[in-house]
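What follows is a short report on a single structure.
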Amino acid sequence: MTSPKVFLTAEWRKLALAQYAVDKEILSEYLPAHTVLDDWQGKYYVSLVGFMFVDVRLRGFNIPFHTNFEEVNLRFYVKFKDGDTWKRGVVFIKEFVPKPAITFVANTIYKENYQTFPMKHVWIEQKHQLEVDYHWKNRTWHNFSVIASSKAEEIQIGSEEEFITEHYWGYTKISTNKTSEYGVEHPRWQAYPVKDYKINADFGINYGNDFSFLNDAKPDSVFLAEGSEIRVLKGKQF
C-alpha cells in the first residue's frame, strides 16, 4: 500500500544526461529563495536530461494512457540548509512531456514549468551496445541520442556521476521569497559507459535566450544511467 506521503510512484529508465558548465550569474534569476547553487569542483552545471517514465501511478492508481511516456528537461543543482542538514536538490528550467494531464498536475500541484510537446523515443538493445534516443517537437524536431556499452557499472563514490544523480530534492521558485520543496526516493543507480552521443537541439527555442549559447557549446560530460523505481513525496512551501 502506498504511504500517504507518497504522491507519485514510477520507474525512471535509461536517463541520458549531458552536463554543461555555465556562469553562475545565468542561474541566479532561476534560483529559488533560501537555496544556494551546488557546484561540482567549482563548476556550475546545467544538465540536459532525457528519460522514460514507466508504470506511473498517482497515489497508487494508474491513469489510463498516462503510465509510460518520455520526458526531456533542463535542470541545475542547488542545496538547502534545513537546520543542521544540507539537502541537495535540483531546479528545473523546463520539463517537456507528451501528456497534457501530466503537465497540468505538475504545474498545478508542484508549480513546475512543464510543457506538452509531441515526443518519441528509440531504444535499440544489442549484445555489446545500447542506443537510446529521445525526440521532441518544439517548432521542429529536436533529439538527444547516446550510444553506450550494454553492460551497466556501479556509479563510483565521489564521481561526477554520483554528484549528478545523488540529488534527492526538487526545488521550485514560487516567488521572490517563496520556494516549493519535494523529496524523491530511489536507490543508487548504475551507469553505462558512453561510446558516442549526438545532441541536435536548439537551446534558445527550448529554454530561452539565456541558454541559446549552449547551441555552440560541447558538454563537459555525457553519461547514461539505468535508473530505477522512484517515489515522489508530497511537497511543501516555505
Side-chain angles (χ1 to χ4, degrees), residues 1-18 47-75 88-90 92 94-107 109-110 112 114-126 129-136 143-155 161-170 182-194 197 222-235:
M1 188 171 179
T2 303
S3 168
K5 69 175 182 177
V6 177
F7 175 73
L8 179 147
T9 62
E11 296 178 27
W12 289 347
R13 293 295 179 184
K14 303 293 189 293
L15 297 95
L17 303 104
S47 293
L48 180 68
V49 185
F51 65 101
M52 281 296 295
F53 262 105
V54 179
D55 193 23
V56 176
R57 295 171 181 264
L58 286 175
R59 304 187 190 277
F61 295 96
N62 279 334
I63 303 175
F65 312 111
H66 288 72
T67 54
N68 302 323
F69 55 89
E70 301 86 355
E71 176 173 323
V72 171
N73 64 60
L74 188 71
R75 70 185 198 181
R88 300 172 68 201
V90 302
F92 294 99
K94 284 184 182 177
E95 296 157 274
F96 303 149
V97 293
K99 304 293 186 180
I102 300 297
T103 296
F104 175 79
V105 170
N107 291 352
I109 295 178
Y110 286 102
E112 292 282 3
Y114 272 70
Q115 291 182 278
T116 306
F117 293 120
M119 301 182 74
K120 58 187 178 181
H121 75 283
V122 177
W123 288 356
I124 301 174
E125 301 185 46
Q126 299 173 309
Q129 185 170 288
L130 174 63
E131 183 176 347
V132 174
D133 196 359
Y134 296 103
H135 300 251
W136 67 101
N143 80 297
F144 178 14
S145 65
V146 174
I147 297 174
S149 168
S150 60
K151 184 175 175 57
E153 301 176 352
E154 297 297 326
I155 289 178
E161 289 87 352
E162 181 188 57
F163 171 80
I164 296 298
T165 58
E166 298 284 306
H167 281 74
Y168 289 98
W169 298 89
Y182 58 91
V184 178
E185 298 178 343
H186 65 74
R188 193 175 180 87
W189 289 344
Q190 294 183 318
Y192 302 91
V194 169
Y197 70 89
V222 176
F223 67 95
L224 180 68
E226 172 54 43
S228 66
E229 294 182 351
I230 62 99
R231 305 199 311 167
V232 178
L233 309 183
K234 285 185 177 179

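For the single chain, residues carry numbers from 1 onward in sequence order.
Residues meeting the salt bridge (Lys or Arg N to Asp or Glu O under 4.0 Å) test with Lys94, sequence neighbours left out: none. Partners of Thr103 by side chain to side chain donor-acceptor pair (under 3.5 Å), not counting sequence neighbours, listed by chain and number: Thr116. With sequence neighbours excluded, the residues forming a side chain to side chain contact (heavy atoms under 4.5 Å, CB included) with Glu71 are Phe51, Phe53, Asn73, Glu95, Val97, Tyr114, listed by chain and number.
Side-chain contact annotation: Glu154 with Gln190, donor-acceptor N/O pair under 3.5 Å present.
Under the 3.5 Å distance criterion, the side-chain polar atoms of Arg231 are left unmatched by any main-chain donor or acceptor of Leu8.
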Before you tell me yes or no, could you show the steps for Ile147 and Tyr197 under side-chain contact (heavy atoms from CB on, under 4.5 Å), namely the whole-Å CA-CA distance, both residues' side-chain angles and the distance that decides it to 0.1 Å? CA-CA 6 Å; Ile147 297 174; Tyr197 70 89; over 6 Å; no
Could you walk me through whether Arg13 and Trp123 pass the side-chain contact (heavy atoms from CB on, under 4.5 Å) test, one step at a time? CA-CA 11 Å; Arg13 293 295 179 184; Trp123 288 356; 3.8 Å; yes
Show your working on side-chain contact (heavy atoms from CB on, under 4.5 Å) between Leu224 and Val132 and close with a plain yes or no. CA-CA 9 Å; Leu224 180 68; Val132 174; 4.0 Å; yes
Apply the test side-chain contact (heavy atoms from CB on, under 4.5 Å) to residues Phe92 and Glu112: give CA-CA distance (whole Å), side-chain angles for both, the deciding distance (0.1 Å), then the verdict. CA-CA 8 Å; Phe92 294 99; Glu112 292 282 3; 3.8 Å; yes
Can Tyr192 and Glu153 be said to form a side-chain hydrogen bond (donor to acceptor under 3.5 Å, both in side chains), step by step? CA-CA 6 Å; Tyr192 302 91; Glu153 301 176 352; over 6 Å; no
Candidate pair Trp169 and His167, rule ring pair (Phe, Tyr, Trp, His ring centres under 6.0 Å), full reasoning: CA-CA 6 Å; Trp169 298 89; His167 281 74; over 10 Å; no
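Ile124 is not listed as a side-chain neighbour of Leu130, based on a closest heavy-atom distance of 4.5 Å or more. A heavy-atom distance below 4.5 Å is found between the side chains of Thr165 and Phe223. Side-chain contact between Trp12 and Val184 is present, with at least one heavy-atom pair separated by less than 4.5 Å. When side chains are defined from C-beta on, Ser47 counts as touching Arg75, because their heavy atoms get closer than 4.5 Å. Here the side chains of Glu166 and Glu161 are not in contact, with every heavy-atom distance at 4.5 Å or above. Side-chain contact between Val72 and Leu48 is present, with heavy atoms from C-beta onward closer than 4.5 Å. Looking only at side-chain heavy atoms (C-beta outward), Leu17 and Ile164 come within less than 4.5 Å of each other. With contacts defined as side-chain heavy-atom distances shorter than 4.5 Å, the pair Met52/Lys14 does not qualify.
Around CD of Glu229, the count of heavy atoms belonging to other residues, nucleotides or ligands within 6.0 Å does not exceed 12.
Taking every heavy atom of both residues into account, Phe144 and Asp133 meet most closely at O-OD1, 3.4 Å. Summarising the geometry of Ala16 relative to Tyr134, their closest heavy-atom pair is CB-CE1, 4.3 Å, with the distance given to 0.1 Å. Of all non-hydrogen atoms in Asp55 and Asn68, the two that sit nearest each other are N-OD1, 2.8 Å. Taking all atoms of both residues into account, the shortest heavy-atom contact from Gly227 to Leu15 is CA-CD1, 3.5 Å.
Atom CD of Glu131 is separated from atom OG of Ser145 by 6.5 Å, given to the nearest 0.5 angstrom. Here the OG atom belonging to Ser228 is positioned 6.0 Å from the NE2 atom belonging to His186, to the nearest 0.5 angstrom.
With Phe117 as the fixed residue, the ring-ring contact (aromatic ring centres under 6.0 Å, His included) test singles out one of Phe96, Phe69, Trp136: Phe96.
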